[in-house]
Number of protein chains: 2
Amino acid sequence: MNHNITDFDHSDDSKLEGLRMTRQRREVYDVLMSLRDHPTASEVYERAKANMPGISLATVYNCLEALVDHGAVRQVHFERESSRYCPNLTAHGHFQDEQSGTVIDVPLKKGASLGDFLDLPAGVQVNNIEINLTGKISN
Amino acid sequence: MNHNITDFDHSDDSKLEGLRMTRQRREVYDVLMSLRDHPTASEVYERAKANMPGISLATVYNCLEALVDHGAVRQVHFERESSRYCPNLTAHGHFQDEQSGTVIDVPLKKGASLGDFLDLPAGVQVNNIEINLTGKISN
DNA sequence: TTGCACATTAGAATCATTCTAAATTTAGGC
DNA sequence: GCCTAAATTTAGAATGATTCTAATGTGCAA
C-alpha cells in the first residue's frame, strides 16, 4: 500500500473550494475532520502541532476564522467558554455534559423547521442558528 | 401620595423569595425588570449607578450571578460577546440583529416541546436550553 | 517564473470576567 | 431594638481567550 504519514482522506474537500489553501489551513481542517469532537482553538493547536510542529496558535485562530467565514466549519458556544469548532454542516444543535464538558451533536428531526416551534417576528431574516442544551447523561 | 425617588413597583418579587436581599441586588433586579432589553453587565452597571452612585462593577457581576443561580434571571450568549441578562422566565429563544446588536425575545410556539424537533440521545437530562438566532430585520 | 495580495508568526495588547482580602451589611436570635 | 455570624460589597489585581501589530513568507493567476 505504501502509505506514509502525510496520507489523509481528503475525500470531501468540496467545502474548501474557493478558499485559498495553505498547509496550515489544510492541517487545521484535517484535525477537525478526523475526530469531529468539538475541540477548542487550543485543542486544535495541540493536535496540529503533532503533524506541524512550527504552527502557531495565532495561525490556528486565523485558519479557524477563515474556515468559519468560508462556511466549511461552524462555531459552537456554551456560556462564555472557549469557542469550539464543528465540521458538521447539517442542521443540528449541541448538548454539553455538565460533568465532563463533552459536547455532542443533536440532530434536528427530519423535516423539522424553525417556524414549527418558534414565533418569529415578521420581517426577520435568520442567517445563523445555535441550539445549545446543557445537562447530565443519566447512565 | 408622598412618593419619593426610592419607590418602585416590586409587584412580582416572587422570583426573589429565598434569596438574601441587599440594596444592590434589589437595584440590579429592578434595572433588569424595568427595561427588559437584555443589557450586558456593564450596561446594568451604568443604569444602576443612576440610582446608586456607589455601586461597583464587581458587585453588579456578583448580583447578576446570584440572580442567575437563584433562577430569577437568565443569561443570553451570542458568540463570545459579553453575557446579556434576561428576566423573561418563559420558554423562549433570542434573536440578535447583526447591524445593531439589539436582542429580542422569540417566543416558543404554544405546546411546542424539545422532543418535537430534536433527536435527543437516550439518557440525557436537559437542564438548560439556549436557542439563539442572528440575522437581519428586513424592513 | 514572477508579483503581489494575502498568510503566517511571535509577542504585545485587549477586554470581559473572576479573584483577593479588607470593610460592611444582612438576618436571626435574644 | 441589639448582637453576632455569615454573607456581601468593594477596589484593584489577576486571569485567560482572543485579537492586534508589524515583519517575514507564500499561494496562485497571469
Side-chain angles (χ1 to χ4, degrees), chain A residues 6 10 13 16-32 38-49 51-70 72-86 96 101 103, chain B residues 6 10 13 16-32 38-49 51-70 72-86 96 101 103:
Chain A
T6 64
H10 292 167
D13 283 1
L16 301 180
E17 272 165 28
L19 178 65
R20 183 173 179 165
M21 198 42 55
T22 63
R23 283 182 307 129
Q24 291 85 348
R25 286 177 181 179
R26 171 91 264 159
E27 174 61 29
V28 165
Y29 187 63
D30 287 349
V31 162
L32 292 176
H38 310 92
T40 63
S42 296
E43 287 165 349
V44 171
Y45 175 52
E46 290 308 322
R47 295 179 197 175
K49 276 198 292 192
N51 285 324
M52 191 180 278
I55 196 171
S56 77
L57 178 57
T59 297
V60 170
Y61 272 103
N62 291 339
C63 292
L64 289 168
E65 181 182 35
L67 290 167
V68 169
D69 289 352
H70 193 71
V73 152
R74 286 161 57 181
Q75 282 185 307
V76 183
H77 302 278
F78 281 94
E79 305 271 321
R80 283 194 29 105
E81 291 176 13
S82 301
S83 296
R84 295 174 176 278
Y85 296 85
C86 174
Q96 184 174 47
V103 174
Chain B
T6 64
H10 293 168
D13 283 1
L16 302 180
E17 271 165 30
L19 178 65
R20 183 172 179 163
M21 198 44 54
T22 64
R23 283 182 309 128
Q24 291 85 347
R25 286 178 180 178
R26 169 93 265 157
E27 174 62 29
V28 165
Y29 187 64
D30 288 349
V31 162
L32 292 176
H38 309 92
T40 63
S42 296
E43 288 165 348
V44 171
Y45 175 52
E46 290 308 322
R47 295 179 198 175
K49 277 198 291 192
N51 285 323
M52 192 180 278
I55 196 171
S56 77
L57 178 57
T59 297
V60 169
Y61 272 103
N62 290 340
C63 291
L64 289 169
E65 181 183 36
L67 290 166
V68 169
D69 288 352
H70 194 70
V73 153
R74 286 161 57 179
Q75 282 185 306
V76 183
H77 303 277
F78 282 94
E79 305 273 321
R80 283 195 28 104
E81 291 177 12
S82 301
S83 296
R84 294 175 177 278
Y85 296 85
C86 174
Q96 184 175 46
V103 174

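Numbered from 1 within each chain, the chains take letters A, B, ... in sequence-line order.
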How many angstroms lie between atom CG of Asp13(A) and atom CG of Asp30(A), to the nearest 0.5 angstrom? 7.5 Å
For DNA chain D, which residues of residues 76-85 of chain A approach it to below 4.0 angstrom with any heavy atom? Ser82(A), Ser83(A)
Side chain to side chain donor-acceptor pair (under 3.5 Å) partners for Glu65(B), two or more places apart: none
Applying salt bridge (charged side-chain N to carboxylate O under 4.0 Å, His left out) to Arg74(A) and not counting sequence neighbours gives none
Gln75(A) atom CD is separated from dT18(D) atom C1', nearest whole Å, by 11 Å
Return the set of residues passing side chain to side chain contact (heavy atoms under 4.5 Å, CB included) with Thr22(A) (not counting sequence neighbours), or none when no residue passes. Gln24(A), Arg25(A)
Hey, what bend do you get for the helix from dT1(C)-dA30(D) to dC30(C)-dG1(D) if you fit axes on five pairs at each end, rounded to 10°? 40°
Which whole-number value in Å describes the distance from Arg26(A) CZ to dT26(D) P? 19 Å
Partner set under side chain to side chain contact (heavy atoms under 4.5 Å, CB included) for Ser82(A), not counting sequence neighbours: Thr40(A)
Between His77(B) and His77(A), is there a side-chain heavy-atom distance shorter than 4.5 Å? no
Which atom names give the shortest non-hydrogen contact between Arg26(B) and Met21(B), and what distance separates them? N-SD, 3.8 Å
With sequence neighbours excluded, residues passing side chain to side chain donor-acceptor pair (under 3.5 Å) with Ser42(A): none
Is there a side-chain contact between Ser56(B) and the phosphate of dT10(D), meaning an N or O under 4.0 Å from OP1 or OP2? yes
What pairs with Arg84(B) under side chain to side chain donor-acceptor pair (under 3.5 Å), at least two apart in sequence or on another chain? none
What is the per-nucleotide protein-contact pattern of nucleotides 18-30 of chain C, from the 5' end, where B denotes a base atom under 4.0 Å from a protein heavy atom, S denotes such proximity for sugar-phosphate atoms only, and - denotes neither? B-------BS---
Validation row: Leu67(A), Leu19(A) side chains within 4.5 angstrom (heavy atoms): yes
Qualifying residues under side chain to side chain contact (heavy atoms under 4.5 Å, CB included), relative to Tyr61(A), sequence neighbours excluded: Ala41(A), Leu57(A)
Quick one, which residues of residues 40-48 of chain B touch DNA chain C with a heavy atom under 4.0 Å? none
Candidates Val44(A), Val60(A), Asn51(A), Leu64(A) - the one meeting side-chain contact (heavy atoms from CB on, under 4.5 Å) with Val31(A): Val44(A)
Whole angstrom value for the distance that separates P of dA7(C) from CD of Glu27(A): 18 Å
Could you tell me the separation between the CD1 atom of Ile55(A) and the C1' atom of dT26(D), rounded to a whole number of Å? 15 Å
Just to verify, what does Glu46(A) make a side chain to side chain contact (heavy atoms under 4.5 Å, CB included) with, not counting sequence neighbours? Lys49(A)
